[in-house]
Every structure is written in C-alpha cells, then in structure tokens.
Number of protein chains: 2
Amino acid sequence: MGTTSKALSLLSYFSRAMPRIGLSELARLSGLNKATVHRLLSELAEHGFVEQVGAGREYRLGPAFLRLAALREKQVPVREVALQQLTELSNKTGETAHMSLLNGDVLSNLAYAYSNRHGTMVMMEDAEVLELHSTGSGLAVLAYSPASFVDEILSRPLIARTSQTLTDPADIRALLPAIRRQGMAVSTGGFEEDVISHAVPIFDARSACIGAMAVAAPVSRMTDALRHNICDKLMVHARQTTRILGGFPPDTFPPYQPQTPLAEEA
Amino acid sequence: MGTTSKALSLLSYFSRAMPRIGLSELARLSGLNKATVHRLLSELAEHGFVEQVGAGREYRLGPAFLRLAALREKQVPVREVALQQLTELSNKTGETAHMSLLNGDVLSNLAYAYSNRHGTMVMMEDAEVLELHSTGSGLAVLAYSPASFVDEILSRPLIARTSQTLTDPADIRALLPAIRRQGMAVSTGGFEEDVISHAVPIFDARSACIGAMAVAAPVSRMTDALRHNICDKLMVHARQTTRILGGFPPDTFPPYQPQTPLAEEA
DNA sequence: GCGATCGGTTCATTATTTGAACCATTGGTT
DNA sequence: AACCAATGGTTCAAATAATGAACCGATCGC
C-alpha cells in the first residue's frame with residue numbers, strides 16, 4: 001500500500017459513531033505506527049482534511065470537504081438529482097425514500113425524503129452507514145457486483161442487526177439470482193425490526209453498480225397494493241436516476257414493466 | 001513536501017473553472033513527474049477522491065467527498081448555521097448575504113442567501129472562489145491573519161479584476177489597521193464592478209480567522225441608511241455565527257456597537 | 001503518413017517513510 | 001505523594017517506497 005493510501009484510509013475510520021479519534025487510537029485502528037499516523041495526520045491537517053479539537057487533542061474531519069463536495073456536486077449533481085427523484089418517489093408511495101452510494105465495502109446514505117401521508121415514518125440520516133448483507137439496498141448492490149467483490153464481502157463476519165438478519169453467506173448468495181431477475185431486492189427486518197425495504201441498484205456510465213435507491217416502510221403498513229405501488233414507482237425512479245446521472249443499466253438488467261396486482265410473482 | 005501532501009495538493013487544482021484535468025496537464029500544473037501524478041491519482045481514485053471521466057480519460061473529483069462532507073457537517077454544522085444566519089441577514093438588509101471559508105490562500109464560498117426585496121441582486125455560487133486582495137471578505141480575513149500570511153499573499157502577483165481592484169501591496173496594507181479598528185472591511189467594485197461588499201471576519205475556538213460573512217449590494221442602491229443597516233445587522237450576525245460555531249473573536253476585536261446614522265465615521 | 005499530443009508503464013536510482021525507543025503531560029489509584 | 005498507565009508528540013538509523021527519464025501504444029490534426 002502506498003503512503004497516500006495509508007493517509008486516505010485514516011479518513012475512513014471517522015464515522016457517525018466515531019467522529020473524533022485520538023492519535024493512539026487511530027494508530028491502533030489502522031495498525032500503523034504511532035509516529036507514522038502522526039505524520040500522516042499532520043499532512044492531512046495542513047490541507048484541512050482533518051483538524052484537532054480542543055482539549056483531548058483528538059482529530060476530526062476538516063473543513064476542506066465542504067469545498068470539495070460543493071465542487072463535486074457542481075460537476076456531478078448526484079445529490080440534487082437524487083433529492084428530486086426521492087421527493088417524487090416518497091410522495092407517490094407515501095413512504096420514506098432514500099438513496100445510498102457504495103463506499104468501499106459499505107453503503108453510505110446520500111439523500112432521503114419523507115412523506116407526510118402517515119403519522120409514523122421510517123427515519124433516515126445523511127451519511128448513515130448501511131451494510132451490504134443486512135439491507136435491501138445492500139443486497140441490490142451485491143446482486144450487481146463482481147463475484148470477487150461478493151466473495152470478499154461475504155467472507156467477513158456478517159453481523160446480525162436483528163433476529164431476521166441473514167448471516168449465512170450461502171443464504172445471501174441464494175437470493176442474488178432472484179434479485180437479478182427482478183432488478184430489485186427486498187429485505188424484511190434485516191437492518192431494523194419492523195422495516196421492509198425495497199431497493200433497486202443504480203449504475204454508472206460503465207454499467208458498474210454504484211449504489212441503490214430504496215423505499216423503506218413499516219412492516220405493519222405493508223399490503224399487496226402498497227407493495228405493487230412501491231415496486232412500480234421505485235423501478236421508474238431508479239431507472240430514471242441512473243439515466244439522468246449518465247449511467248446505463250447492464251444488458252442483463254430487466255426492462256421496466258408496469259407492476260399491477262395481477263402481474264405479481266415471487 | 002511529503003508524498004501525502006503532494007497527493008492532496010493535486011486536489012486543489014480542481015476548481016469551478018477547471019473541473020476536469022488530464023494527467024499531463026495536472027503534471028504540468030503541479031510540477032510533478034507524469035509517472036508520479038499517475039500513481040498519486042491512482043491511489044486517490046482507489047479511495048473515491050477522484051474518478052476518471054469517459055473519453056478523454058480526464059480526472060475529476062470523486063464521490064467520496066459527499067460522504068465525508070456530510071460527516072463533517074454532522075459534527076460541525078458550519079453550513080447549516082451559516083445558512084440560518086445568512087437568511088436572516090439577507091432578509092433584514094434586503095441584499096445578498098454570503099459566507100466564505102479560508103482555504104489555503106483563497107476564500108471559497110460556503111453558503112449564501114438572497115433577498116426578494118429587489119428585482120436585481122448580487123449573484124453568488126457555492127464553492128465560488130474569492131481572492132483575498134480583491135474582495136471585502138478577503139480584506140477582512142487579511143486584517144486578522146498573521147503577518148507572515150499577509151506577506152505571503154501580498155508578495156504574489158495581485159490580479160486586477162476590475163479597474164477599481166487594489167493591486168499595490170502597500171495600498172492594501174494601509175487599509176488593514178482601519179479594518180481592525182472597525183472589525184469590518186468594505187470593498188467597492190474590487191471583484192465585480194458596481195458591487196459594494198461589507199465583510200466581517202469569523203473566528204474559531206483559537207481566535208484564528210477562518211473566513212468571513214459579508215453582504216454584497218449593487219453600488220447604485222447604496223445609501224447612508226442602507227449602509228448603516230448593513231453594518232449593524234452584519235456585525236450582529238457575524239459575531240453570532242462565530243459564537244454559535246464555538247469560536248471567539250480575538251481580544252483586539254471591537255465589541256458590537258449599535259450603528260445609527262449619527263454614529264457614523266469613515 | 002507524419003508529428004505531436006495523449007494516458008499509461010518500466011526500473012535503476014534516490015530520497016522518503018518507517019518504527020522502536022524516547023519525552024513530557026495528564027488523570028486515576030494506591 | 002508516589003506510582004502507573006494512559007495520552008500526544010519526537011528522534012534517527014534502517015528499510016522501504018517514491019521518483020523520473022525513457023519508453024509504449026493510441027489518437028488526433030494536418
């Protein structure tokens with residue numbers, strides 16, 4: 001691994017759950033020498049990628065990202081496009097819609113939209129982390145990822161978020177062909193109890209899967225009618241999002257077919 | 001310069017004006033060897049900090065920034081705080097309010113708010129770059145920056161954006177004491193003709209100047225009454241922003257005094 | 001078909017990175 | 001108050017990774 005990669009990988013240890021990290025702890029997490037981590041952090045800090053916070057001298061992500069994210073978004077307005085689509089999708093389904101992007105071996109939430117049709121909604125947050133094995137979005141991404149990547153992911157310990165989380169690699173592999181046939185993944189209670197999530201993958205210009213768009217609803221509210229409505233609208237908006245972003249679904253991706261209660265299967 | 005710094009500095013060549021850069025061009029811009037740049041870009045690309053775009057194989061900023069910016073914003077909601085303050089400021093003054101952060105030797109715009117009081121407004125954009133010598137915000141920052149930084153900035157060629165831009169280092173230095181006395185900088189037509197900009201510096205927890213909040217108005221609309229209103233409201237909201245962000249003005253920073261037409265001077 | 005680009009690669013030389021051991025501080029425990 | 005175990009940070013010889021001139025193959029304009 002190059003020095004630059006080491007420096008950049010340090011950034012990946014910052015998360016919602018661990019927003020500030022001390023020097024020694026970061027050295028432990030990354031397996032690098034403390035002196036090395038210190039030098040890398042100093043260089044990162046010089047460029048505003050991290051900064052030190054008050055007393056404990058811990059480090060946190062720096063202000064440079066605001067500028068660079070704004071530039072990125074100006075060039076490729078993924079978030080803006082996603083928000084438009086999600087707002088429509090959420091309005092049409094009456095449920096929470098969200099979109100997440102693949103970031104290493106995990107999905108991170110990019111944007112979301114709530115509906116005000118019901119008193120209760122599945123809640124979401126920006127930059128929330130979604131695991132590939134326990135969420136509908138993750139399964140959708142796995143189904144359209146290279147075999148080597150799937151092997152890599154499934155070879156690691158799969159944490160059971162709920163009693164319904166699939167943790168056997170074989171069980172998860174068995175789902176993928178069906179997801180590929182339908183162009184959509186469904187996960188019931190895999191990440192949070194009582195939440196059912198439908199997800200459709202999003203592709204880039206090289207037809208690589210870069211993330212997923214999903215609708216998350218309380219299990220208690222799910223009916224055949226709602227399911228069909230969600231499937232139909234989700235398929236439309238996910239495909240549209242891929243297209244607007246300049247991406248192309250792979251040749252094997254099933255074309256859109258209007259979903260009616262009669263057309264149901266599986 | 002360490003390897004990491006070289007890699008990170010490559011990112012700084014991407015801008016609104018130059019959103020995509022080819023390998024050879026980036027090598028030329030940075031003065032590094034083409035092979036070196038290629039290796040650094042490959043490492044950056046591995047982590048999603050840059051990506052290659054279609055035909056020309058040029059590079060642009062990658063999707064990783066969206067996630068990291070969201071995390072940063074979650075931890076230190078500068079943008080959110082700024083937007084609230086700017087919206088109020090813009091409403092109270094009837095003019096465009098914006099806030100920019102120091103990024104190396106230049107300010108980059110973080111957020112802005114328009115008023116709908118008038119048919120014409122000074123326009124702004126996110127991630128827009130403001131030079132230190134030609135803008136009100138830049139002068140405010142210079143006035144509260146270390147002497148060595150000021151020397152560094154003023155030793156470089158100062159581009160004349162308009163016929164009214166100050167390009168003589170001595171002229172600019174002469175302004176700084178008055179700015180420090182008032183806690184506010186004013187620039188008329190320095191960046192764009194017919195725009196007058198009032199700016200107040202923003203400070204962090206160590207009382208270092210990290211950027212500026214400003215109100216930009218058409219010169220044609222400027223009256224004594226508007227000027228006093230802008231000064232008063234800008235002082236209030238800039239100080240409030242510093243405070244909310246956990247920062248402290250330096251001891252030398254003048255305390256807020258209500259601005260009335262009678263209290264005017266220079 | 002030529003010349004001048006481009007992105008990308010190679011490999012001996014070189015300079016940077018590395019890490020064990022070392023401070024100075026801090027905070028909790030005996 | 002003495003002690004221990006943390007912390008962030010520093011040092012410098014040894015080891016490793018970065019470097020860059022020259023080289024491909026492809027593309028473009030003429």
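What you see is a predicted model; the values in this text were computed from it and never measured. A, B, ... follow the sequence lines: proteins, then strands. Residue 1 opens every chain. Values below: every heavy atom of this structure, side chains too, minus hydrogens, waters and symmetry copies.
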Start at the 5' end of DNA chain D and walk down; is the nucleotide closest to A:Arg28 or to B:Glu43 reached first?
A:Arg28

Distance test, side-chain N/O of B:Tyr59 to OP1/OP2 of C:dG8, below 4.0 Å:
yes

Report, one pair per line, the protein and nucleotides 11-14 of chain D atoms (nitrogen or oxygen only) whose separation is under 3.5 Å.
none

Out of C:dG7, C:dT18, D:dT19, which nucleotide sits closest to the side chain of B:Lys6?
D:dT19

Presence of B:Thr3 side-chain N/O under 4.0 Å of D:dA18 phosphate oxygens OP1/OP2:
no

Select one nucleotide: of C:dT17, D:dT7, D:dT19, the one nearest the side-chain heavy atoms of B:Thr36.
D:dT19

Would you call B:Arg161-B:Glu193 a salt bridge at under 4.0 Å N-O?
no

B:Gln52 has a side chain; which of D:dT19, C:dG7, D:dG8 sits nearest to it?
C:dG7

Run the numbers on A:Tyr59 and A:Ile21 for side-chain contact (heavy atoms from CB on, under 4.5 Å), then give the verdict.
CA-CA 5 Å; A:Tyr59 294 83; A:Ile21 312 182; 5.7 Å; no

Would you check if B:Val50 and B:Arg60 make a side-chain contact, meaning some heavy-atom pair closer than 4.5 Å?
no

Less than 4.5 Å apart, any side-chain heavy atom of A:Leu61 and any of A:Phe49?
no

How long is the line joining CG of A:Leu26 and P of D:dA6, in whole Å?
18 Å

side-chain contact (heavy atoms from CB on, under 4.5 Å) between A:Arg16 and A:Val129: does it pass, once the steps are laid out?
CA-CA 8 Å; A:Arg16 184 166 291 277; A:Val129 167; over 6 Å; no

Using OP1 and OP2 only, check whether a side-chain N or O of A:His38 sits under 4.0 Å from D:dG8.
no

Would you please test B:His47 and A:Ser12 for side-chain contact (heavy atoms from CB on, under 4.5 Å) and show each step?
CA-CA 9 Å; B:His47 293 260; A:Ser12 66; over 6 Å; no

